[in-house]
Amino acid sequence: MERGIDSGGEGGRLAGKRGGSPGAARSWRRSLPIVLSMLDIWFTREFPDLPPCLNREERGRSERFLRGVDRRTFVQAHTFKRLLISHYDPATAPGDWRFVNSSYGKPGIAPSHRCHFNLSHSGPCLAVALADFPVGVDIERQREMKDVEVLAREVFHPGEREWLVAQPCFLTAFFRLWTVKEAILKAVGTGFSTPPDSFCCEVSSGEFASANVAGSRWHCWSRSGGDFHLSVAAAVQPLSGPRYFQVHGAPVARSVSPSAVCHPSVSRLLRYASSADCCCCR
């Protein structure tokens with residue numbers, strides 16, 4: 001969670017603020033009706049021990065981290081991103097993807113590609129969302145924070161604060177609402193250059209939320225798993241809703257199946273991955 005939207009670390013920086021079959025490879029080149037658009041979320045709380053897959057620029061960025069834990073998280077997050085994009089488009093090897101940032105710092109594939117992605121991390125938790133349309137994702141570990149009520153007054157719309165104080169657990173509701181806000185701003189593409197208190201999210205009692213931002217209606221789905229909250233946002237509502245996949249620290253019996261032309265490094269990742277309800281990912 002940070003004021004920018006660079007994919008290297010959307011998650012885990014709140015304290016620094018002011019205060020078919022699941023494995024089938026999909027072709028991004030086919031034309032689908034908008035209601036059938038895909039929205040997949042991959043997340044992990046324990047990334048497996050896989051070889052790094054970074055380009056020269058990413059390796060340079062990783063070497064600038066002073067703490068080993070931050071360097072390792074960066075390497076894992078960007079390896080995760082590359083392997084997953086090649087899972088959906090196996091014609092390109094993970095190491096060959098090129099990326100470019102928008103004027104607001106949001107990364108995308110270069111040259112223009114049908115696959116839209118977004119990346120977030122918070123501590124050991126990583127999340128990557130992939131879709132046929134602009135998407136934003138945020139994952140946050142829930143932890144105790146000083147002055148959380150003060151921060152809520154600074155960043156949330158008055159209508160959101162009314163919802164927040166009515167919830168049975170202020171801290172849990174705070175993290176859910178934060179991930180909703182950040183996921184929406186990342187999907188919009190502006191990040192925190194759009195003041196988060198300038199719009200009001202309508203949060204349901206279930207997993208759904210929505211908001212009007214930048215002239216469009218944005219939809220957001222939220223789930224929690226033990227000590228973390230995960231939200232994904234888009235301007236499109238997929239017909240069957242988002243799909244969730246969890247990557248585990250060890251191989252799983254019912255793993256996601258690779259495609260017939262899957263790159264070996266992607267196949268290794270999928271041995272650790274399973275379809276996830278996410279309500280039970282504790």
Next item on the list: Could you list the residues that satisfy salt bridge (charged side-chain N to carboxylate O under 4.0 Å, His left out) with Arg67, not counting sequence neighbours?
Entry: Asp70
Next item on the list: Quick one: list whatever passes side-chain hydrogen bond (donor to acceptor under 3.5 Å, both in side chains) with Thr194, sequence neighbours left out.
Entry: Thr190
Next item on the list: Applying side-chain hydrogen bond (donor to acceptor under 3.5 Å, both in side chains), name anything that partners Ser62, two or more places apart in sequence or on another chain.
Entry: none
Item checked: Minimum side-chain heavy-atom gap Arg271-Pro258 below 4.5 Å -> no
Check: Just how far is it from atom OG of Ser204 to atom CH2 of Trp221, taken to the nearest 0.5 Å?
Finding: 11.5 Å
Check: Considering all heavy atoms of both residues, which atom of Trp163 and which atom of Arg176 are nearest to each other, and what is their separation?
Finding: CZ2-NH1, 4.3 Å
Next item on the list: Report yes if the distance between the aromatic ring centroids of Phe228 and Phe43 is under 6.0 Å, otherwise no.
Entry: yes
Next item on the list: Using a cut-off of 6.0 Å, state whether more than 12 heavy atoms not belonging to Glu162 lie near its atom CD.
Entry: no
Margin query: Quick check: do Trp42 and Leu130 have side-chain heavy atoms less than 4.5 Å from each other?
Written below: yes
Notebook entry, point to check: Do the side-chain N and O atoms of His248 and Glu46 include a donor-acceptor pair separated by under 3.5 angstrom?
Noted result: no
Item checked: Sequence-distant partners of His157, side-chain hydrogen bond (donor to acceptor under 3.5 Å, both in side chains), two or more places apart -> none
Next item on the list: Rounded to the nearest 0.5 Å, what's the gap from CG on Leu83 to CG on Leu270? Could you check?
Entry: 8.5 Å
Notebook entry, point to check: Any idea which heavy atoms bring Leu54 and Arg59 closest together, and the distance?
Noted result: O-NH1, 2.8 Å
Note to self: Could you see if Val155 belongs to whatever hydrophobic cluster contains Phe170? Use Ile, Leu, Val, Met, Phe, Trp, Tyr and a side-chain cutoff under 4.5 Å.
What the structure shows: yes
Next item on the list: Would you kindly say whether Thr172 and Gln142 are connected by a side-chain donor-acceptor distance under 3.5 Å?
Entry: yes
Margin query: If I compare all heavy atoms of Arg161 with all of Ala152, which pair ends up nearest, and what's the gap?
Written below: CD-O, 3.6 Å
Next item on the list: Test side-chain contact (heavy atoms from CB on, under 4.5 Å) on Arg98 and Ile109 and set out the steps.
Entry: CA-CA 6 Å; Arg98 295 172 50 240; Ile109 297 173; over 6 Å; no
Checklist line | side-chain contact (heavy atoms from CB on, under 4.5 Å) evaluation trace for Leu39 with Ile41 | finding: CA-CA 7 Å; Leu39 176 55; Ile41 302 95; 4.2 Å; yes
Checklist line | salt_bridge(Lys81, Glu58) N-O dist < 4.0 Å | finding: yes
Check: side-chain contact (heavy atoms from CB on, under 4.5 Å) between Phe74 and Arg72: does it pass, once the steps are laid out?
Finding: CA-CA 5 Å; Phe74 178 91; Arg72 182 169 59 253; over 6 Å; no
Item checked: ILVMFWY cluster, Val252 and Leu269 together (side-chain gap under 4.5 Å) -> no
Margin query: In terms of relative ring orientation, are Phe47 and Phe80 parallel, tilted or perpendicular, with 30° and 60° separating the classes?
Written below: perpendicular
Note to self: Holding to side-chain hydrogen bond (donor to acceptor under 3.5 Å, both in side chains), I want the full list of residues that pass it with Trp97, two or more places apart in sequence or in another chain.
What the structure shows: Ser86
Checklist line | Atom pair NZ/NE2 of Lys106 and His116 - distance to nearest 0.5 Å | finding: 8.0 Å
Next item on the list: Under the side chain to side chain contact (heavy atoms under 4.5 Å, CB included) rule, collect the residues that match up with Cys53, sequence neighbours excluded.
Entry: Thr79, Arg82, Pro94
Check: Measuring from Cys220:SG to Ile184:CD1, what's the distance to the nearest 0.5 Å?
Finding: 5.0 Å
Notebook entry, point to check: Taking all non-hydrogen atoms of both residues, which atom of Lys186 and which atom of Asn118 are closest, and how far apart?
Noted result: CE-OD1, 2.7 Å
Checklist line | Rounded distance [0.5 Å steps], OG in Ser222 versus CD in Glu207 | finding: 7.5 Å
Margin query: What verdict does the side-chain contact (heavy atoms from CB on, under 4.5 Å) test give for Ile85 and Val128, after you've listed the backbone C-alpha separation in whole Å, the side-chain angles of each residue and the deciding distance to 0.1 Å?
Written below: CA-CA 10 Å; Ile85 297 174; Val128 178; over 6 Å; no
Notebook entry, point to check: Does Val150 have any side chain to side chain contact (heavy atoms under 4.5 Å, CB included) partners at least two apart in sequence or in another chain, and if so, which?
Noted result: Asp147, Arg153, Glu154
Check: Asp197: what forms a side chain to side chain contact (heavy atoms under 4.5 Å, CB included) with it, not counting sequence neighbours?
Finding: Pro195
Notebook entry, point to check: Does Leu50 reach the side chain of Gln76, with side-chain heavy atoms less than 4.5 Å apart?
Noted result: no
Item checked: Phe156: ring-ring contact (aromatic ring centres under 6.0 Å, His included) partners, not counting sequence neighbours -> Phe174
Next item on the list: Give the minimum heavy-atom separation between Arg45 and Cys125, together with the two atoms involved.
Entry: CG-SG, 4.2 Å
Margin query: Ignoring hydrogens and geometry beyond distance, is a side-chain donor-acceptor pair present between Asn55 and His78 at under 3.5 Å?
Written below: no
Margin query: Suppose we screen for side chain to side chain contact (heavy atoms under 4.5 Å, CB included). Which residues come up paired with Ala187, at least two apart in sequence or across chains?
Written below: Trp218, Ala233
Check: Does a donor on one side chain and an acceptor on the other come within less than 3.5 Å for Asp138 and Ser231?
Finding: no
Item checked: Contact summary for Ser275 and Val256, nearest pair of heavy atoms -> N-CG2, 4.3 Å
Margin query: I'd like to check the ring-ring contact (aromatic ring centres under 6.0 Å, His included) partners of Phe99; sequence neighbours left out, ordered by chain and number.
Written below: Phe117
Margin query: For the CG atom of Leu230 and the CZ atom of Arg223, what is their distance to the nearest 0.5 Å?
Written below: 9.0 Å
Check: Between Arg243 and Asp40, is there a side-chain N and carboxylate O pair less than 4.0 Å apart?
Finding: yes
Next item on the list: State, with a plain yes or no, whether a side-chain heavy atom of Leu126 is found less than 4.5 Å away from one of Ile139.
Entry: no
Check: Counting only N and O atoms by type, is there a donor-acceptor contact under 3.5 Å from the side chain of Ser255 to the main-chain atoms of Tyr272?
Finding: no
Checklist line | Six-ring centre of Phe199, Lys181 cation under 6.0 angstrom, axis tolerance 45° | finding: yes
Item checked: Qualifying residues under salt bridge (charged side-chain N to carboxylate O under 4.0 Å, His left out), relative to Arg217, sequence neighbours excluded -> Glu202
Check: With a 4.0 Å cut-off, would you call Arg143 and Asp227 a salt bridge?
Finding: no
